[in-house]
Amino acid sequence: MGTPTQITDAPPPAPQPAVDKRAVRGATRPGDRIFLGLSRGSGILLLVIMAAIAVFLTYRASLAISKDQGNFLTTFQWDTNLVPPNFGIAVLAFGTVVSSIVAMVIAVPVAVAIALFLTHYAPRRLRGPIAYVIDLLAAVPSIVYGLWGALVLVPHMNGLFGWLNDYLGWTGIFSWEGGAPRSMLTVGILLAIMILPIITNVSREVFRQVPQMHEEAALALGATRWEVIRMAVIPFGRSGVISASMLGLGRALGETMAVATVLSPTFDIQASLLDPGGGTFAQNIASKFGEATEFGRDALIASGLVLFVITLLVNGAARAIIARRKEYSGANA
Amino acid sequence: MKLQRMNRRALALGALAVSGALALTACGSDDTGGNSNGGDSSNAAAPSNVKCDDAKGQLLADGSSAQKNAIDAWVKQFTSACQGVQINYKGGGSGAGVTAFTQGQVAFAGSDSALKPDEVTASKKVCTGGQGIDLPMVGGPIAVGYNVSGVDNLVLDAPTLAKIFNNKITNWNDPAIKKLNPDAKLPDLKIQAFHRSDDSGTTDNFTKYLIATSKSDWPYDGGKTWQAKGGQSASGSSGVAQQVKQTNGAIGYFELSYAKDGLKTVDLDTGAAQPVKATVENATKAISEAKVVGTGKDLSLELNYGTKAEGAYPMVLVTYEIVCDKGNKSDTLPGTKAFLRYIASEDGQKILSENDYAPIPADIISQVRTTIEGLS
């Protein structure tokens, strides 16, 4: 357990002399000024790019929304070719959030379990290979996930869907009318597989950082291995796991090609996760962009703006949660 | 060990994806390689030869993906005869093609629908002293494919099709279907109707047919976006065909060239004595019932969807090439003219039927040829 912590601790000494030098010498040399300019410039550039994206999205979106016949937030249709165009994001917002929630519900427990297994249970020989395989999952392009989903996963979902419908169909969420299983649940499962590596890797790094003293203290009190994890590892890693999940959620919200290949999009909202239908922002943009007119593109950009805002809100919420947890885990450390 | 197996599976998956892509792109362009005209292009008198004139350089074009395979086949023939010309047709969609044309980025555009009035106005900026015109060049039957085990012949009429795609008829043993197919063994099976999830000229023309022939059962405005509620969808004609193929009880519409590998297509009961099969010849017969409604040099067509002519398959789409009648750019004009002349020629139109497209009927294509000669 000790070695990995030492390895991650090893790199920092390199920057330290630079800090000392600046503190001691005080004077600004050309190199310092160039470096300062570069780093400050990069920081400013980032803000400028973000602002430019926001301005561009808002401008183009306002062009489209001002001509929208329906209510942009509540209309259940996306037809920009109609003579008074009629489009709204209700279905897309619902589908994006639902598919991402399904993905998170499946992926987070599995990812945390894998991370705990790798850091606390797995024999040392297995850790490397398993971690490598998980990294491989992250390297697969999303269109390949989409093809796999459409050609392999979808045909194999019939059994699960039938079972869910038989035993949980009464809830309404798991009722199934027997359509091809290209639905929100299938999309959620596919997204879960896609975000698994991010969440696993970050969680694993976090669990590795747990101070050994805490674990040894828990062991000394007579705790079992599970109790050590529950009392020392999870409380310490909680904020890290949350930020890992938010990284995964960001990918799930914006995933395009895999969703567009697997889902059978329609413009209505339904309670059932099993019946085909619904849609997500990114999938809708990918589907409609090719044949879109100038105006149609503006409308799609408007939907992109909403996704941008949703993502910002999610990230903000995640930061707030982590900030609140910080003192707690900081005291632990 | 585990790792190796993983790798091998990834490799197999990749191979599958690649071969799938190859199979899709191979549909159109490969089987026309045999009758290349490159050898005897010196014999300028024969109408069957490609005339290059002083065409050279690179032609950019963009537009309808529905005619992409036809253009690819033509480009292959044309450029093998005219070595100095490169033609680059991006099948980015009709909307993208028209936009690129009105912005002056391409020499010509392909589109599933004729230019709208505001697009004509926009084209006047690019065509100095002229405007963009529509030249009908490629016809395509829209087939309705189905997958019902035990049913090898299915006849439907327009109102029944409209009700199926509007979720009013939801089971294959519905009396309306039985009435049209007295001999078929129709199972008690839920109908799964597939439409296009992306905006498409195919959807536009399919729904135009439903609107023209059964307005009461299809109460929508039409257009490239699917407007009925419910049903299932897939992206692209290949996506719809794929879903129909793998789902028992499915029905969906796509261009005829996608009706391959055992996909069965519906025969249309148009009111003619015999139900009409979705074939290239039957589509050409229906297009010959169309009226030219374009004014001036524009040759946009109005199809007669309600035709009851014997053997005319009225569910067709016609795609246009869009060029300037006057004011084409001087560096691309010779190439554009030579290429359009070739594709409107008998030879060019013959290649269409080899690729599951419908040639444009003789009287219309002769008007197209006259117009092409007058391009400047």
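Please read all numbers here as calculations on a predicted model, not as lab measurements. Letters A, B, ... are given to chains in the order of the sequence lines, protein chains preceding strands, and every chain is numbered from 1. Values reported hereafter were calculated over all heavy atoms of this structure, with side chains retained and with hydrogens, waters and symmetry mates removed.
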Enquirer: Does the B/Lys229 side chain pair with the main chain of A/Phe267, one donor and one acceptor, at a distance under 3.5 Å?
Expert: yes

Enquirer: Of the listed residues (B/Gln232, B/Gln242, B/Arg196, B/Gln246), which shares the most heavy-atom pairs with chain A below a 4.5 Å separation?
Expert: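 Winner by heavy-atom pair count: B/Gln232.
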
Enquirer: Determine the minimum heavy-atom distance between A/Ser287 and B/Ser197, stating which atoms define it.
Expert: CB-O, 4.0 Å

Enquirer: More than 12 heavy atoms of other residues, nucleotides or ligands under 6.0 Å from CD of A/Glu177: yes or no?
Expert: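 Incorrect, the count does not exceed 12.
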
Enquirer: With a 4.5 angstrom heavy-atom cut-off, which part of A/Gln270 approaches chain B: side chain, backbone, both or neither?
Expert: neither

Enquirer: Around atom NZ of B/Lys125, are there more than 12 heavy atoms of other residues, nucleotides or ligands at under 6.0 Å?
Expert: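 No, the 6.0 Å shell around NZ holds no more than 12 heavy atoms from other groups.
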
Enquirer: So, A/Arg182 side chain and B/Ser233 main chain: donor-acceptor pair closer than 3.5 Å or not?
Expert: yes

Enquirer: Taking B/Gly95, B/Ala250, B/Ser235, B/Gly249 one by one, which has the highest count of heavy-atom pairs under 4.5 Å against chain A?
Expert: B/Gly95

Enquirer: Hey, which of B/Thr247, B/Thr225, B/Asp221, B/Asp198 has the most heavy atom pairs under 4.5 Å with chain A?
Expert: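 Among B/Thr247, B/Thr225, B/Asp221, B/Asp198, the one with the most close pairs to chain A is B/Thr225.
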
Enquirer: Is chain A contacted by the side chain of B/Ser94, its backbone, both, or neither, given a heavy-atom distance below 4.5 Å?
Expert: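 B/Ser94 touches chain A through backbone and side-chain heavy atoms alike.
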
Enquirer: Between atom CG of B/Asp118 and atom CZ of A/Phe295, what is the distance when rounded to the nearest 0.5 Å?
Expert: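 B/Asp118 atom CG to A/Phe295 atom CZ measures 12.0 Å (nearest 0.5 Å).
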
Enquirer: Pick one of side chain, backbone, both or neither for B/Gln192, based on which atoms fall under 4.5 Å of a heavy atom in chain A.
Expert: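 Just the side chain, heavy atoms under 4.5 Å.
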
Enquirer: So which part of A/Phe289 gets closer than 4.5 Å to some heavy atom of chain B, the side chain, the backbone, both or neither?
Expert: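 For A/Phe289, no heavy atom lies under 4.5 Å from chain B.
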
Enquirer: Counting only heavy atoms not in B/Lys90, do more than 12 fall under 6.0 Å of its NZ?
Expert: no

Enquirer: Can you tell me which portion of A/Ala292 sits under 4.5 Å from chain B's heavy atoms? Options are side chain, backbone, both or neither.
Expert: backbone

Enquirer: Given a strict heavy-atom distance threshold of 4.5 Å, which part of B/Lys224 is in contact with chain A: side chain, backbone, both, or neither?
Expert: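 Looking at B/Lys224, backbone and side chain both touch chain A.
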
Enquirer: Can you tell me if A/Tyr59 has over 12 outside heavy atoms packed within less than 6.0 Å of its OH?
Expert: no

Enquirer: Looking at every heavy atom in both A/Arg297 and B/Ala96, which two are closest together, and how far apart are they?
Expert: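 The answer is NH2-CB, 3.7 Å.
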
Enquirer: What part of A/Ala286 gets within 4.5 angstrom of chain B, counting heavy atoms only: side chain, backbone, both, or neither?
Expert: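 The answer is neither part of A/Ala286.
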
Enquirer: Let's go through B/Gln227 and A/Asp79 carefully: what are the C-alpha distance in whole Å and the side-chain angles of both, what is the deciding distance for side chain to side chain contact (heavy atoms under 4.5 Å, CB included) to 0.1 Å, and is it a yes or a no?
Expert: CA-CA 8 Å; B/Gln227 288 163 328; A/Asp79 197 338; 2.8 Å; yes

